[in-house]
Amino acid sequence: MARGELGEALRIFETAVRTETGDIRVCAMVNAACVTDQLGDHAGAAELFRDALAQMGPDAPRMRPAALINMSQALQLLGDLDGAQAALEQARELLSGESAPLELRYACLVSLSAVALHRQQWARSIEIATESLDAATRFAPDQVGHSLMNLAAAHFETGRWELAEDFAGQALAAFAAAGDGDGVAETQQNLAVMHTRSGRYDAAEPLLTTAQEYFETSGHAHRAGIGWKVMGLIAERRDRPDTADAHYRRALAHFEESGVIVDAADVRTRLATLAFAAGRYQDGEAELVTARAIYAEHGLGLLCAQVDFWHAGLLEPLLEAMPELLPRAVDLAVPAALALDAVRYELPDGAQRENWNRRMADPAMRLAFRYGFLSGDAVLIADLIETACAGTTLDIDRLAAQPNNATPDTLDPLDPLPANPGHINDALQLGNALAAVAARAGLPVALPPRVAVAPDGHIALAAAIFAAEQRYGRPLRDDRVVRS
């Protein structure tokens, strides 16, 4: 298993399940589930974990929380974020005692951070990942790469690309020092994704090729699917639509075979973009509707808003020939813009807010204004202007609570282990230094107020705010009302 020979590892574990009894048999079941998950059969792995948990004795202080943590990872990939969170909460409760295995408490923190990433709760993910990085220096130095990579992902998504790449580089060094081949390949692939999304395709391709060879050889179906998706994106950006389509469809096959339905939805948004560009409007619409339904089913409201914004943008070139699409475009663009704009107020510092505004919120609001103009809706334009001018309010309650405020999803402080010098520790020291830089706090702000517009006192964009909160399942406005 450590050498990446997953098929042979699974065969041995399954033999042990058939021939052994008691704790050894249950342990083999857990290990077989772990390998099954790595091979891409996440639904099968989740069932194996459940079977193993059902057969464990009441006194399994290591095996039960370990199985719950590993099961949560399979459930994350299946898009069952509520199930993953519930499994981690059970594990956290089991690990709350003083005698709990410290490395498992660390693994629980890493998984909690990953769930927050999947939910696009960037501030929460950064907070937990930073705590897990500190914990790794104490008792899991060979696992520090996971904390560093979670920090890299969260900072990249909030626009701090240079910091994200620093974290990813340190994760790569930490995994290499620990001899973790899976970790090295995953980090190479994650770096390739970052380079691709920032337009540096020549930097992405060597990393992507190396990681893809590893995943294809070792049978990591999910990770291989990610590689095909990124190769498709590079081909699309280089104006090779046929190649992009072929790569995307290979990725989709890998994801659907593995049961990674949320990743499959992401690929469908790319296939929709190709379809719109080729003039296949109905095919593109069908792909977007399918993707959005998957996101909604899994409670990923922010991804639904991003899909709606993307959908609205794809409609714009069609409006001259098909003006009847304009009301649909407005209905997609305005609520999505309000939802994406509200994310800024959840981020922990000014740099992240500015980056999110530049990359996501401002383009979405510009599209909403453009559609308001094209539709000739003077009230909509006036309400958008009043909303944009409402300003930002300090969150006094959060500001007062900040010095002693601990997130409810972090574990108790742990006793440090003796110093562990070596290459891994070098990565730890630099990683902690970067974390300290990243953690510089901005002033907490409240969600924007509702704006009462003269002369009739109607709430600006009231219908769009209500629609967005219903569609995306997240609050967009504070209860306060200010006058324009």
Side-chain angles (χ1 to χ4, degrees), residues 1-4 34 38 66 69-70 73 76 101-117 125-157 160-195 203-204 206-208 210-215 218 220 223 226-227 410-411 414 416-439:
M1 185 175 178
R3 289 199 300 262
C34 290
Q38 289 189 53
I69 292 167
N70 284 313
Q73 295 169 3
Q76 288 174 54
L102 301 182
E103 70 277 8
L104 289 181
R105 298 173 76 174
Y106 168 71
C108 192
L109 274 178
V110 169
S111 292
L112 284 166
S113 179
V115 170
L117 275 173
S125 179
I126 290 169
E127 187 172 3
I128 300 173
T130 302
E131 182 177 352
S132 75
L133 179 62
D134 180 63
T137 67
R138 302 165 181 253
F139 56 84
D142 60 330
Q143 298 293 310
V144 66
H146 298 290
S147 299
L148 290 164
M149 199 59 241
N150 281 345
L151 282 165
H155 284 298
F156 187 85
E157 294 296 344
R160 305 181 76 173
W161 291 359
E162 291 183 3
L163 181 60
E165 288 183 23
D166 280 339
F167 276 127
Q170 290 306 308
L172 189 61
F175 283 129
D180 186 341
D182 280 2
V184 168
E186 288 181 14
T187 306
Q188 288 172 329
Q189 188 181 76
N190 290 336
L191 269 169
V193 171
M194 292 181 188
H195 292 327
L207 292 166
L208 189 60
T210 302
Q212 193 69 7
E213 289 174 356
Y214 179 90
F215 293 130
S218 59
H220 287 67
R223 280 287 172 174
I226 293 174
T410 56
L411 303 179
L414 304 169
L417 261 61
N420 182 31
H423 295 300
I424 295 177
N425 215 43
D426 293 340
L428 286 172
Q429 291 172 6
L430 184 50
N432 275 323
L434 288 169
V437 172

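Just so it is clear, the values below take in all heavy atoms, side chains as well, and ignore hydrogens, waters and symmetry mates.
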Non-hydrogen atoms of Asn150 and Ala114 that approach each other most closely:
ND2-N, 4.1 Å

Which atoms form the tightest heavy-atom contact between Ala129 and Ser132, and what is the distance?
O-OG, 2.8 Å

Do you know the tightest heavy-atom contact between Gln76 and Ser111?
NE2-O, 3.9 Å

Parallel, tilted or perpendicular: which one describes the rings of Phe167 and His155, with boundaries at 30° and 60°?
parallel

Mind checking side-chain contact (heavy atoms from CB on, under 4.5 Å) for Glu157 and listing every partner two or more places apart, or none if nothing turns up?
Trp122, Arg197

If I take atom CE from residue Met1 and atom CG from residue Asp182, how far apart are they, to the nearest 0.5 angstrom?
8.0 Å

For Glu103, all residues meeting salt bridge (Lys or Arg N to Asp or Glu O under 4.0 Å), sequence neighbours excluded
Arg62

For a quick test of reading the model, state the closest non-hydrogen atom pair linking Val184 to Ala176 and the distance between them.
CG2-N, 3.6 Å

Considering non-hydrogen atoms only, spot the tightest contact between Leu117 and Ala153 and give its length.
CD1-CB, 3.9 Å

Evaluate the side-chain proximity of Thr137 to Val144: yes if any heavy-atom separation is below 4.5 Å, no if none is.
no

Could you tell me the separation between the CG atom of Asn190 and the CD1 atom of Ile226, rounded to the nearest 0.5 Å?
7.5 Å

How many angstroms lie between OG in Ser113 and NE2 in His146, if you round to the nearest 0.5 Å?
12.0 Å

To the nearest 0.5 Å, atom CZ of Arg160 lies from atom CD1 of Ile126 at 7.5 Å

Grab the two heavy atoms, one from Tyr214 and one from His220, that are nearest each other, plus how far apart they are.
CE2-CE1, 4.4 Å

Considering residues at least two apart in sequence or located in another chain, which fulfil the ring-ring contact (aromatic ring centres under 6.0 Å, His included) criterion with His195?
none

Hey, what do you get for CD (Gln189) to CG (Leu208), rounding to the nearest 0.5 Å?
7.0 Å

What is the distance from atom CD of Gln188 to atom CZ of Arg223, rounded to the nearest 0.5 Å?
11.0 Å

